[in-house]
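Take a look at the structure below.
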Amino acid sequence: MKVIDYKLNADLVRINVVEDESDLPEFHRFVEANHNALGFDTETDGLSWWEDGFRIRLAQFGNAYESYVLPTERGGQFQEDVIKAVGWVKKLVMQNGTYDILCMDRVWGVKAETVFPRLLDSRIIAHLVDSRGRKDGGIGHSLEELTRHYLSAAVADEVKGSMTAIAKELRVKKAEVWPLIPLEHEGFNLYAGMDPVLAYRLAKLLKPKIPATARKLLAYEHELAAVCAYMVRKGIKADVPYVRDRANELARTEVHFKEVAARLGLENINSPKQVGEAIVARGITITGRTPTGQPKVDDHLLKAHIDDPLCEAIYQGKKAAKAKSTWFDNALNNRDSDDRLHAAINSMGARTARMSISGAIPAQTFPSGDSLVRRGFIADEGMSICAVDYKAQELRVLAALSGDKAMKKAFREGTDLHQITADSAGVDRSTGKMAGFLTVYGGGWAALASQAGVSEETARRAIDGFFAAFPRVKEYSEELQKEARRNGYITTITGRRLLVDRQRPYAALNYAVQSASRDVTGRAIIRLFEAGYGPFMLLPVHDEVIFQFPSEHALAATTKAAQIMKETMSGVLIDTDVSVYGKSWGCGYMAKGQYCDLCDIIHQEEK
DNA sequence: TCGTGACGCACC
DNA sequence: AAACGGTGCGTCACGA
């Protein structure tokens with residue numbers, strides 16, 4: 001046994017590094033003495049846990065004062081004893097436990113279902129205490145950020161710095177250090193050994209800080225994280241030939257337009273500076289400015305001058321390059337050995353707790369107008385991709401939360417809400433629609449004018465018209481702002497405390513609506529799981545859930561799922577829509593008349 | 001060389 | 001009176 005003593009403020013923390021099998025009895029005694037609750041963490045090869053040959057190099061258990069580091073990479077008794085301890089400890093305190101649980105499931109075959117019920121996640125607790133990231137003026141939710149704020153800045157610096165120093169020592173990039181570092185490296189052992197201690201301490205310290213109204217969310221958030229992890233574990237099959245074809249096609253497009261740009265004297269289409277200069281040189285005036293005062297070169301400008309060959313080349317070239325790398329290369333590079341892709345779902349991503357879906361399946365950014373990207377995701381043999389989405393989820397939630405009579409009535413009777421706004425304001429429907437959405441986002445007439453491309457006067461009329469049609473919405477927003485000014489935070493309908501910036505009280509309405517909507521989807525995901533839909537759920541995307549069902553039962557099963565997902569909030573039905581796509585996710589996004597080579601049919605309906 | 005901020009763009 | 005909310009990611013440009 002190697003012992004490292006470390007000072008955390010006034011406390012001494014002892015890190016015991018298991019070196020050979022004769023050290024294991026002492027580890028057993030430690031686990032037995034602490035079997036009610038222990039901090040836990042692993043150190044792995046990297047982040048791509050789905051790759052063959054991926055290793056869990058170290059596993060660490062600890063309480064507030066002591067930890068044990070075990071070299072699981074050496075397999076045998078070390079790995080076996082860690083698996084036993086993981087199965088035995090009543091409460092496992094982890095920082096972002098989803099990651100370690102997925103690793104253990106994949107690498108060791110420790111079923112995630114056996115670990116999640118005993119997880120206490122310090123990140124979930126921290127989010128319920130203060131949902132803001134560091135950039136938003138909060139503490140943040142990473143182990144380093146939480147340690148720095150709640151425990152010790154010195155320890156945060158040292159632990160973070162230690163891996164940077166080791167990378168330097170080994171002459172590799174920081175991201176490459178994990179598979180290379182020797183298991184017995186003392187700095188690595190220290191870094192590893194402190195993690196479960198910090199997670200354990202943070203959970204203990206932060207749990208009492210959860211606002212009383214939000215305490216009931218703790219169990220729910222852990223369940224939700226678990227169901228999301230099960231979806232991540234399963235993954236979605238990629239249609240590799242399709243994805244490869246698109247990547248190659250986009251590469252050709254990119255090369256072509258880069259050559260066009262080069263002939264016209266522009267070296268780098270991705271450099272905003274170069275692009276700006278080149279466009280001005282062609283006699284085009286750039287009026288827009290970025291927040292830092294630079295000439296604004298964006299989609300809007302390029303589209304306005306799409307007749308200019310250089311503008312067209314920049315626009316098309318950039319678009320192709322971005323699409324290729326973000327969606328197609330990403331998919332090809334992150335497949336597992338069965339050509340499945342595994343998203344990273346952060347079940348409490350945003351400050352409103354809205355989930356984020358990123359990594360190998362950045363579903364949040366998939367183009368919604370066509371099948372280009374979604375076509376690359378296919379159902380398993382004999383299955384069909386299906387989806388249930390909420391109809392105008394945020395507006396229905398707004399109706400429920402505000403209690404606006406007219407808005408509730410519109411949803412009850414199925415009348416067109418945006419037309420009501422349009423009629424009230426004397427504007428066209430699309431402007432009325434934008435006024436509604438923009439109001440939920442806290443926007444005003446100026447934003448509407450620039451976004452909808454209408455005059456300031458029309459924009460003012462549209463916003464006024466929206467509030468005239470739905471007067472309770474304005475009152476509700478004002479009530480929330482008052483609450484935010486008084487307390488510095490609002491409490492959502494589910495009891496979540498959301499801090500509101502003093503300078504932006506108008507954001508309170510959006511927070512309330514966005515967060516309540518997220519919880520509508522979150523509760524639905526748990527109901528689906530409890531009803532036995534777990535094996536068929538593939539991915540949540542904000543206001544929808546993607547499934548695959550056996551093709552012969554697809555419509556019936558999706559319809560049943562849609563029933564389960566529906567709920568009534570303050571008398572407003574948060575209604576759902578059913579979609580049965582086909583063999584690929586893209587089948588639902590195909591244009592009318594477009595032929596689908598997978599399903600071997602011509603699509604009749606436009607999305 | 002690496003990390004980070006700025007920017008732009010894909011979404012809900 | 002007015003106020004554009006929330007993400008992830010790729011690239012460039014800059015500074016430690």
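What you are looking at is a predicted structure, and each value in this text was computed from that prediction instead of being measured. In what follows, every chain begins at residue 1, and chains take the letters A, B, ... in the order their sequences are listed.
Screening residues 464-505 of chain A for ring-ring contact (aromatic ring centres under 6.0 Å, His included) gives A/Phe466-A/Phe470 as the qualifying pairs, with residues at least two apart or on separate chains. Residue pairs meeting the side-chain hydrogen bond (donor to acceptor under 3.5 Å, both in side chains) criterion with at least one member in residues 126-138 of chain A, sequence neighbours excluded, are A/Asp130-A/Arg132.
Contacts with DNA chain C (heavy atom under 4.0 Å) in residues 440-455 of chain A: A/Tyr441, A/Gly442, A/Gly443, A/Gly444, A/Trp445, A/Ala446, A/Ala447, A/Gln451, listed by number.
Judged as a salt bridge (charged side-chain N to carboxylate O under 4.0 Å, His left out), and not counting sequence neighbours, A/Lys168 has no contacts. Taking the salt bridge (charged side-chain N to carboxylate O under 4.0 Å, His left out) definition, one finds that A/Glu249 meets it with A/Arg246, sequence neighbours left out. Scored by the salt bridge (charged side-chain N to carboxylate O under 4.0 Å, His left out) test, A/Lys296 finds no partners at all (sequence neighbours excluded). Listed by chain and number, the residues in a side chain to side chain donor-acceptor pair (under 3.5 Å) with A/Thr253 amount to none (sequence neighbours excluded). With sequence neighbours excluded, no residue satisfies side chain to side chain donor-acceptor pair (under 3.5 Å) with A/Asp121. A search for side chain to side chain donor-acceptor pair (under 3.5 Å) contacts involving A/Arg429 returns A/Asp416, not counting sequence neighbours. Here A/Trp585 pairs with nothing under the side chain to side chain donor-acceptor pair (under 3.5 Å) rule; sequence neighbours left out.
One can place CD1 of A/Ile314 at 13 Å from P of B/dG8, the figure rounded to the nearest angstrom. Distance, A/Ile269 CD1 to B/dC9 P: 12 Å, rounded to whole Å. Atom CD in A/Glu144 sits about 12 Å away from atom C1' in B/dG3, given to the nearest Å. Atoms CD (A/Glu394) and C1' (B/dC11) sit 12 Å apart, rounded to a whole Å. Atom C1' of nucleotide B/dA10 and atom CG of A/Asp370 are separated by 12 Å, given to the nearest angstrom. The distance between atom CD1 of A/Ile546 and atom C1' of B/dC12, rounded to the nearest whole Å, is 13 Å. A/Gln503 has its CD atom 15 Å from the C1' atom of C/dG5, to the nearest Å. Whole-Å rounding puts the A/Lys296 NZ to B/dG8 C1' distance at 8 Å.
Using a 4.0 Å heavy-atom criterion, one finds that A/Arg460 contacts the sugar-phosphate atoms exclusively. A/Val373 comes within 4.0 angstrom of no nucleic acid atom, judged by non-hydrogen atoms across all strands. Nucleic acid contact class of A/Gln481 (heavy atoms, under 4.0 Å, all strands): base.
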Under-3.5 Å N/O pairs linking protein and nucleotides 4-6 of chain B:
{"unit_1": "B/dA6", "atom_1": "O3'", "unit_2": "A/Thr292", "atom_2": "OG1", "d": "3.4"}

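If you take atom P in C/dA3 and the same atom in B/dA10, they sit 26 Å apart, rounded to whole Å.
Checked for salt-bridge contact, A/Glu475 and A/Arg472 meet the test: a charged N lies under 4.0 Å from a carboxylate O. Ion pairing between A/Asp157 and A/Arg148 holds under the 4.0 Å rule for side-chain N and carboxylate O.
Ring-plane geometry between A/Phe366 and A/Trp327 is classed as perpendicular, the angle between the planes exceeding 60 degrees on a 0 to 90 degree scale with a lower cut at 30.
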| note | Given protein heavy atoms under 4.0 Å, the one-letter contact record of nucleotides 6-16 of chain C, with B base, S sugar-phosphate only and - none, is simply BSSBSSSS---
